[in-house]
Visitor: 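Below are the structure tokens for one structure; questions will follow.
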Amino acid sequence: QLQLVESGGGLVQPGGSLRLSCVVSGFNLDWYAIGWFRQAPGKEREGVSCISGVGGSTDYADSVKGRATISRTISRDNAVNTVYLQVNSLEPEDTADYFCAADPLDGQTMCVLTQDEYNKWGQGTQVTVSS
């Protein structure tokens, strides 16, 4: 069963760092892109970063470019894998619920931060940046 489970959120002081995890199970990461999205209170959900299947190309939103790194670990049998989002120099504007999601790619090789491309979502993890 295809499943995504986020963790790693919490309260962080401005300037701090956080690493979010997305445990992905039930499908082969070679054929999917995994994206991180966030939704701040009162705002629309926006893309943050993504990593594609074979090749592992990445993309970042301008709001986190230079501060964030997306990476992944793939298990030997590709059954349970983890995608990480490391964000440094956190700002209050980074406060949001963070979600990971899966895009089946359908032959594409590059990931995109377009929400409509993602058809499976996790439940989210909350990040609060405050002193």
Side-chain angles (χ1 to χ4, degrees):
Q1 182 178 359
L2 195 154
Q3 193 174 19
L4 302 99
V5 179
E6 304 94 334
S7 63
L11 175 63
V12 186
Q13 291 190 341
S17 299
L18 207 61
R19 189 174 81 158
L20 305 179
S21 300
C22 173
V23 176
V24 179
S25 58
F27 56 98
N28 190 322
L29 269 191
D30 286 343
W31 312 117
Y32 285 82
I34 300 298
W36 281 98
F37 296 82
R38 68 185 183 185
Q39 187 166 21
K43 295 187 177 180
E44 294 186 354
R45 190 164 57 188
E46 63 176 2
V48 178
S49 182
C50 61
I51 185 166
S52 69
V54 175
S57 64
T58 59
D59 195 17
Y60 297 90
D62 289 343
S63 58
V64 299
K65 200 166 289 184
R67 300 190 294 123
T69 303
I70 191 169
S71 61
R72 64 185 182 181
T73 59
I74 299 178
S75 65
R76 185 170 298 178
D77 60 359
N78 220 314
V80 180
N81 306 299
T82 306
V83 177
Y84 303 96
L85 180 70
Q86 172 85 28
V87 185
N88 302 319
S89 303
L90 283 161
E91 305 164 351
E93 292 73 24
D94 295 314
T95 295
D97 291 325
Y98 284 72
F99 303 87
C100 61
D103 170 8
L105 286 177
D106 293 330
Q108 302 296 316
T109 58
M110 306 292 288
C111 69
V112 292
L113 291 175
T114 306
Q115 297 183 48
D116 290 347
E117 298 293 319
Y118 293 79
N119 61 6
K120 186 68 177 180
W121 293 78
Q123 293 299 306
T125 185
Q126 188 175 58
V127 173
T128 302
V129 183
S130 174
S131 56

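The figures here come from the full heavy-atom set of this structure, side chains too, leaving out hydrogens, waters and symmetry mates.
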Visitor: Taking all atoms of both residues into account, what is the closest heavy-atom pair of P14 and S130, and its distance?
Guide: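 Result for this residue pair: CD-C, 3.6 Å.
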
Visitor: When you measure from the side chain of R72 to the backbone of S52, do you find a donor-acceptor pair of N or O atoms at a distance under 3.5 Å?
Guide: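 Present.
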
Visitor: Can you tell me how far CD of E46 sits from CG of L113, rounded to the nearest 0.5 angstrom?
Guide: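 Going from CG on L113 over to CD on E46, the span is 9.5 Å.
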
Visitor: Quick check for you: to the nearest 0.5 Å, what is the distance between S131 atom OG and L11 atom CG?
Guide: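 The OG atom of S131 sits 9.5 Å away from the CG atom of L11.
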
Visitor: Rounded to the nearest 0.5 Å, how far does CZ of F37 lie from OG1 of T114?
Guide: 7.5 Å

Visitor: Which value, rounded to the nearest 0.5 Å, describes the distance between M110 atom CE and L105 atom CG?
Guide: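 So the gap between those two atoms works out to 10.5 Å.
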
Visitor: Locate the shortest heavy-atom distance separating C111 from A33; write the atom from each residue and the value.
Guide: CB-CB, 3.7 Å

Visitor: Applying a strict under-4.5 Å side-chain criterion to I, L, V, M, F, W and Y, I'd like to know whether V24 and L2 cluster together.
Guide: yes

Visitor: Considering all heavy atoms of both residues, which atom of G9 and which atom of L18 are nearest to each other, and what is their separation?
Guide: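 That would be CA-CD2, 4.2 Å.
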
Visitor: Rounded to the nearest 0.5 Å, what separates atom OG1 in T69 from atom CG in N88?
Guide: 6.5 Å

Visitor: Apply side chain to side chain contact (heavy atoms under 4.5 Å, CB included) to residues L85 and V64 and explain how you reach the verdict.
Guide: CA-CA 11 Å; L85 180 70; V64 299; over 6 Å; no

Visitor: Considering only heavy atoms from C-beta outward, does the side chain of Q115 approach that of W121 to under 4.5 Å?
Guide: yes

Visitor: Hydrophobic clusters here meaning ILVMFWY residues chained together by side-chain heavy-atom distances under 4.5 Å, can you tell me if Y60 and F99 are in one?
Guide: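 No; F99 is not reachable from Y60 via cluster members.
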
Visitor: Say you draw a straight line from SG of C22 to CG of N81; how long is it, rounded to the nearest 0.5 Å?
Guide: 10.0 Å

Visitor: Taking all non-hydrogen atoms of both residues into account, name the closest pair between Y118 and I34 and its distance.
Guide: CE2-C, 4.1 Å

Visitor: I need the minimum non-hydrogen distance between T82 and V23, along with the two atoms involved.
Guide: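 Of all heavy-atom pairs spanning T82 and V23, the closest is OG1-CG2, 4.0 Å.
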
Visitor: Using the side chain to side chain contact (heavy atoms under 4.5 Å, CB included) rule, take D94 and R67 through it: C-alpha gap first, then chi angles, then the decisive distance, then the call.
Guide: CA-CA 11 Å; D94 295 314; R67 300 190 294 123; 2.8 Å; yes

Visitor: Say whether, by atom type as modelled, one donor and one acceptor occur between the side chain of T95 and the main chain of V129 under 3.5 angstrom.
Guide: yes

Visitor: Counting N and O atoms only, with roles assigned by atom type, does the side chain of Q123 sit under 3.5 Å from a partner on the main chain of E6, one being a donor and the other an acceptor?
Guide: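 The answer is no, because no donor-acceptor pair under 3.5 Å joins these two groups.
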
Visitor: Count the heavy atoms belonging to other residues, nucleotides or ligands that lie under 6.0 Å from NZ of K65, then report whether that count exceeds 12.
Guide: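 Enclosed.
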
Visitor: Are the side chain of S75 and the backbone N or O of V80 linked by a donor-acceptor pair below 3.5 Å?
Guide: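 Such a contact is found between S75 side chain and V80 backbone.
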
Visitor: Taking the side chain as everything from C-beta on, heavy atoms only, tell me whether S7 gets closer than 4.5 Å to T125.
Guide: no

Visitor: Over all heavy atoms of both residues, which pair between P104 and E117 is shortest? Give the atoms and the distance, please.
Guide: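 Between these two residues, the closest heavy atoms are CD-O, 3.6 Å.
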
Visitor: Is there a path of hydrophobic side-chain contacts, each under 4.5 Å between heavy atoms of I/L/V/M/F/W/Y residues, joining I70 to L4?
Guide: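 Looking at the clustering, I70 is in the same group as L4.
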
Visitor: Just by distance, with hydrogens left out, do Q108 and D106 show a side-chain donor and acceptor under 3.5 Å apart?
Guide: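 Note: Q108 and D106 side chains miss the donor-acceptor criterion.
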
Visitor: Test side chain to side chain contact (heavy atoms under 4.5 Å, CB included) on C50 and V112 and set out the steps.
Guide: CA-CA 7 Å; C50 61; V112 292; 5.7 Å; no

Visitor: Less than 4.5 Å apart, side chain to side chain, heavy atoms only: is that true for W36 and V83?
Guide: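 Touching, per the 4.5 Å side-chain cut-off.
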
